[in-house]
2 protein chains.
Amino acid sequence: MLGIMTGTPRERARAQTMAEITRIGCQQLIEHGAAGLSLRAVARELGVVSSAVYRYVASRDDLLTLLLVDAYNELGDAVDNAVAEVQQRDGFDSGRAQFRALARAVRGWAVAEPARYALLFGSPVPDYHAPAEQTVGPGTRVIVTLMHIIESSYRTGDLTQPVSIPAASLPATLRRDFDRIRGQFEFEVPDAVIARGLLVWSALFGAVSFDVFDQYGTDTFTDRGILFDHHIDMLADSLGLS
Amino acid sequence: MLGIMTGTPRERARAQTMAEITRIGCQQLIEHGAAGLSLRAVARELGVVSSAVYRYVASRDDLLTLLLVDAYNELGDAVDNAVAEVQQRDGFDSGRAQFRALARAVRGWAVAEPARYALLFGSPVPDYHAPAEQTVGPGTRVIVTLMHIIESSYRTGDLTQPVSIPAASLPATLRRDFDRIRGQFEFEVPDAVIARGLLVWSALFGAVSFDVFDQYGTDTFTDRGILFDHHIDMLADSLGLS
DNA sequence: AACAAAAGAGAGCGCCGCTCTTGACAAGCT
DNA sequence: AGCTTGTCAAGAGCGGCGCTCTCTTTTGTT
């Protein structure tokens, strides 16, 4: 981060306007959802005529991509910070505490930013396809961090549960997929651990989505955070985290 | 179902037009998503001027509610049929097979109807609030069926896993919530079973959502159905289903 | 001071949800 | 049969949308 005193004045002005556009766009997203994100409204808020915004952003979809990457990174930062804090406090062999911190960071961010969470993990925006080269990196940060926690617990021998499952029970195609994943992300853990990790990953976001998207009725749980914490404990059990 | 030969000719014509509108609306939903559902397009497709549609449907949101209830019921029917088939084939004490059938029915319908699945379990549609009196009934069918399967397995003593967890470890607020749920749906099972059931419920839809909403990369798994089946097996294990 | 690049302004195209008014038509009652 | 009542389609119109095109103003550089 070199600050805003970089490059020519023109470039600085442009960077500042770009930042304003993403800020306003983020606000629009929060207030009216992804479908209601309107370049005209952004222009109005920016105090500029609608066509002027196209000098900065190629299209509505382009702005959406900016907001998508922004949101992925903010979630990733929140998760990484929460996990790092636990690592500093409780040491690196605190797998269960790290997992709890990760899960609660995800839910915390999702509850605080439901519209942006919906953009990342809800229904795909119709006729919008996220450009892979910009989104895969930020988009995989949470699962990478989760797998690192699990791998670390496995290395130190603190992971008990999934290893007991015989690897032979896995279909061959799945074993090949897991091999590829193991190579790509350098996870040195057996198949059963990868399988559990993926299940816990999707279960975690399932729980968060049910919460944020209001799938439980409005009045069935007095405090959804408590329900979530209990879910997290059960998931940690199923991972065998200590 | 009394067929279409009911009431005055007027009523019959109206019912037929209504059916056409929901059919076209469903098509629109599939093609352009919930946000792109357009009454004008429905009118065009129906061969009628846009304002005429308002004689049948009060608003865009009203049409959305119709489609929502329709989708909930179609999913509910698919699940109930799949479970009933297993019950007839394998008897009523086949908890694990029934659970597998339920899960695969959910995923099967979701994969076949991604847009309608997104309407039910994806991001909430902005500025749209589903009227509770029309949607809660159809919307709870899957979890009710799931809980019945679990309850039945618990009654016959085939459920081993969750009962071992001491109920005292649950927070008091959660125990009260579970009491209310137990009363409301007449589930005669201990707290730990309800907790596991809810976790499996959200995990199931988490797995389906990750699949349908393309959260795994496009090329990381050769056959997502196989991955899903394995997830389901692990979930059945965590329930203690035999 | 002159100039080219960058940025804003404005008009316009076709789309959208939704409202209001008008006129055609059919059902039911006297 | 005649008349009222209710149903329905049509059309114009409002403001908003994404996006494009052209024209003018600003701005940094030479």
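Below, chains carry the letters A, B, ... as their sequence lines are ordered, and counting in each starts from 1. Computed from heavy atoms alone, side chains included, the values below leave out hydrogens, waters and symmetry copies.
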Please classify the nucleic acid contact of [X] as base, sugar-phosphate, or nothing, using heavy-atom distances under 4.0 Å.
X      : result
L46(A) : nothing
L63(A) : nothing
V48(A) : sugar-phosphate

Requested in this report: Begin with the C-alpha distance, continue with both residues' side-chain angles, and end with the deciding distance and a verdict on side-chain contact (heavy atoms from CB on, under 4.5 Å) for E74(A) and E113(A).
Outcome: CA-CA 10 Å; E74(A) 213 175 283; E113(A) 303 275 0; 4.2 Å; yes

**Report entry** Any S38(B) side-chain N or O less than 4.0 Å from OP1/OP2 of dC15(C)
**Finding:**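 S38(B) to dC15(C) OP1/OP2: no side-chain N or O under 4.0 Å.
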
Requested in this report: May I ask you to evaluate whether R14(A) reaches the phosphate of dA5(C), defined as a side-chain N or O under 4.0 Å from OP1 or OP2?
Outcome: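 Checking R14(A) against dA5(C): no side-chain N or O falls below 4.0 Å of OP1 or OP2.
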
Query raised in the report: Ion pair present between R180(A) and D219(B), side-chain N to carboxylate O less than 4.0 angstrom?
Result: no

Query - E85(B) atom CD: more than 12 heavy-atom contacts under 6.0 Å - result: no

Rounding to a whole Å, what distance do you find between [X]:[atom1] and [N]:[atom2]?
X       : N       : atom1 : atom2 : answer
I21(A)  : dA7(C)  : CD1   : C1'   : 12 Å
Q16(A)  : dA7(C)  : CD    : P     : 13 Å
Q28(A)  : dC17(D) : CD    : C1'   : 12 Å
D62(B)  : dT19(C) : CG    : P     : 12 Å
Y128(A) : dG18(D) : OH    : P     : 15 Å
R44(B)  : dA10(D) : CZ    : P     : 14 Å
E45(A)  : dC17(D) : CD    : C1'   : 17 Å

Query raised in the report: For R107(A), which of D211(A), L204(A), I232(A) qualifies under side-chain contact (heavy atoms from CB on, under 4.5 Å)?
Result: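 It is D211(A), the one option of D211(A), L204(A), I232(A) that forms the side-chain contact (heavy atoms from CB on, under 4.5 Å) with R107(A).
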
Query raised in the report: Of the non-hydrogen atoms in A34(B) and V125(B), which two are nearest, and what is the gap between them?
Result: CB-CG2, 3.8 Å

Report task. Determine, using ring centers only, whether F121(B) and F213(A) are less than 6.0 Å apart. Result -> no

Under 3.5 Å between N/O atoms: give me all the protein pairs with nucleotides 19-23 of chain D, atom names plus distance.
unit_1, atom_1, unit_2, atom_2, d
dC19(D), OP2, Y54(A), OH, 3.2
dC19(D), OP2, R60(A), N, 2.9
dC19(D), N4, R40(A), NH1, 3.4

Query raised in the report: Does any pair with a residue in residues 61-70 of chain B pass side chain to side chain donor-acceptor pair (under 3.5 Å), and if so which ones, sequence neighbours excluded?
Result: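 For residues 61-70 of chain B: T65(B)-Y128(B).
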
